[in-house]
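For ligands, and for the atoms within them, numbers begin at 1 and follow the listed sequence. Bear in mind that the values here come from a model prediction, so they are computed numbers and not experimental data.
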Amino acid sequence: MLRLPRFTLIDATTYANAAQLLRDHGAGELDPAKGTPSLRVMTVAGGTDLFPNMKRRQFTPEVLISLQRVGGATRLAVNGTLEAGAGVTLATLADHPQVRGRWTALAMAAISVSTPQLRNAGTIGGNLCLDTRCNWYDQSLFWRGAEGFCMKTHPEVVCRVAPSSRRCLAVASADTVPALLALGASVRVEGATGPREIAVADLYRDDGIGFLGIGRDDVVASVSLPDPTGWTSTYMKLRDRGSFDFPLVGIAAAVRWDGDVVADARVAITGVGSRAMLVDAGAEALRGGRLEDDAIAAAADAIHKAARPMDNTAGTISQRKRTARVFAERALASLRQS
Ligand SMILES: Cc1cc2nc3c(=O)[nH]c(=O)nc-3n(C[C@H](O)[C@H](O)[C@H](O)COP(=O)(O)OP(=O)(O)OC[C@H]3O[C@@H](n4cnc5c(N)ncnc54)[C@H](O)[C@@H]3O)c2cc1C
Ligand code: SF4
């Protein structure tokens, strides 16, 4: 049995307080041994990803700032728009009738995350900030010690997947992120300079280590989604085990209708790079016409081109690349109006 390392747990009362506590304990400072931002202090929400990672010693923070008791963290306001505190659980989003009916891609993505137990504890904030994954990294300390460490935990070592790569190529694997991209979501972040709003499309960097475009002393406080009137949306993922697993490829698509013509569209992909991304060329292929086979094929071509998987998760490169096209076709075809 893998045991957790020792740590001190501090309860934050607000997200601003959590950001302050992170700074007080040295978040954002450089780790003198590694020359990378310090992981001496981290936040924990549901702990469904963080604790297994700590057991495998992927990181060993001395201090954890718990977001469990943050006031208003689980507030979910659904009117024309949707505003969810970062502590809203994935189960809540997956089960909510209005989320399912109006922001369908988000509910579909949330229900596809791991297992019922983990969806009951796992939060939307934790999913947005989920660590990137790699076959060389998501292993026990014993395994990594025997096989050899890699750049993600030991900056002086090469990347084992692509030894000539100057950056880590670990894979974005959070299911809700492509759905939030397709739905035009933004997040409110609390940090040293107070609260600020960031589009989800601007939240990530193409870097398996520094994958979040916010500081280590920043905290995601809430997620906002615009009014989806006129839009339909969906999410589809390929995974090893149908009962629970991370996405090998995840595709989210949203279409705004003007009669039977696509007035606007967004398509997003995850699982094939260090960040989930909108594929603008895919959306462009759909705008201004009916959702006919040729438009779908052109959009799927663009998504196939954008997918650049590496050999660092389950599934082969060619399987994941091909899946990007096939799932894009299926996702878009499912949005056709009957
Ligand atoms: C067996 C298993 C299967 C899984 N399958 C999937 C899957 O299919 N799809 C998927 O997407 N995920 C999967 N997960 C991962 C995880 O369960 C979910 O991503 C979950 O949403 C994480 O939320 P959490 O609240 O538990 O985050 P935590 O584990 O508490 O935190 C995750 C990370 O986010 C940071 N964090 C948390 N909240 C915030 C915040 N408000 N602001 C800034 N940083 C924050 C933490 O510091 C940590 O780095 C799986 C996990 C396991 C163990
Ligand atoms: S992509 Fe390379 S550096 Fe990143 S976790 Fe995998 S092996 Fe390590």
Check [Y] with [X], please: is the shortest side-chain N to carboxylate O separation under 4.0 Å?
{"X": "Asp293", "Y": "Arg336", "answer": "yes"}
{"X": "Lys237", "Y": "Asp245", "answer": "no"}
{"X": "Arg102", "Y": "Asp227", "answer": "yes"}

*Taking atom CZ of Phe142 as the centre, report whether more than 12 heavy atoms of other residues, nucleotides or ligands fall under 6.0 Å from it.*
no

*If you count only heavy atoms, which residues are under 4.0 Å from ligand 1?*
Met42, Thr43, Val44, Ala45, Gly46, Gly47, Thr48, Asp49, Leu50, Leu67, Ala86, Leu90, Ser112, Val113, Ser114, Leu118, Gly122, Thr123, Gly125, Gly126, Asn127, Cys129, Leu130, Ser173, Ala174, Asp175, Val219, Val220, Lys237, Phe244, Asp245, Phe246

*Selection residues 315-326 - residue pairs positive for salt bridge (charged side-chain N to carboxylate O under 4.0 Å, His left out), sequence neighbours left out*: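 Applying salt bridge (charged side-chain N to carboxylate O under 4.0 Å, His left out) to every pair that reaches into residues 315-326, excluding sequence neighbours, yields Asp301-Arg325.
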
*Would you please name every residue forming a side chain to side chain donor-acceptor pair (under 3.5 Å) with Tyr137, sequence neighbours left out?*
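Partners of Tyr137 under the side chain to side chain donor-acceptor pair (under 3.5 Å) test: Asp131.
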
*Within a radius below 2.8 Å of atom 6 (Fe) of ligand 2, how many protein N, O or S atoms are present?*
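If we list every protein N, O or S atom nearer than 2.8 Å to atom 6 (Fe) of ligand 2, we get 1.
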
*Looking at Trp231, does the NZ or CZ of Arg266 lie under 6.0 angstrom from its six-membered ring centre and within 45 degrees of the ring axis?*
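Yes, a cation-pi geometry.
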
*Please round to the nearest 0.5 Å and tell me the distance separating atom CE of Met54 and atom CZ of Arg6.*
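One finds 12.0 Å between CE of Met54 and CZ of Arg6.
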
*Looking only at side chains, do Arg167 and Ser274 share a donor and an acceptor under 3.5 Å apart?*
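Note: Arg167 and Ser274 side chains meet the donor-acceptor criterion.
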
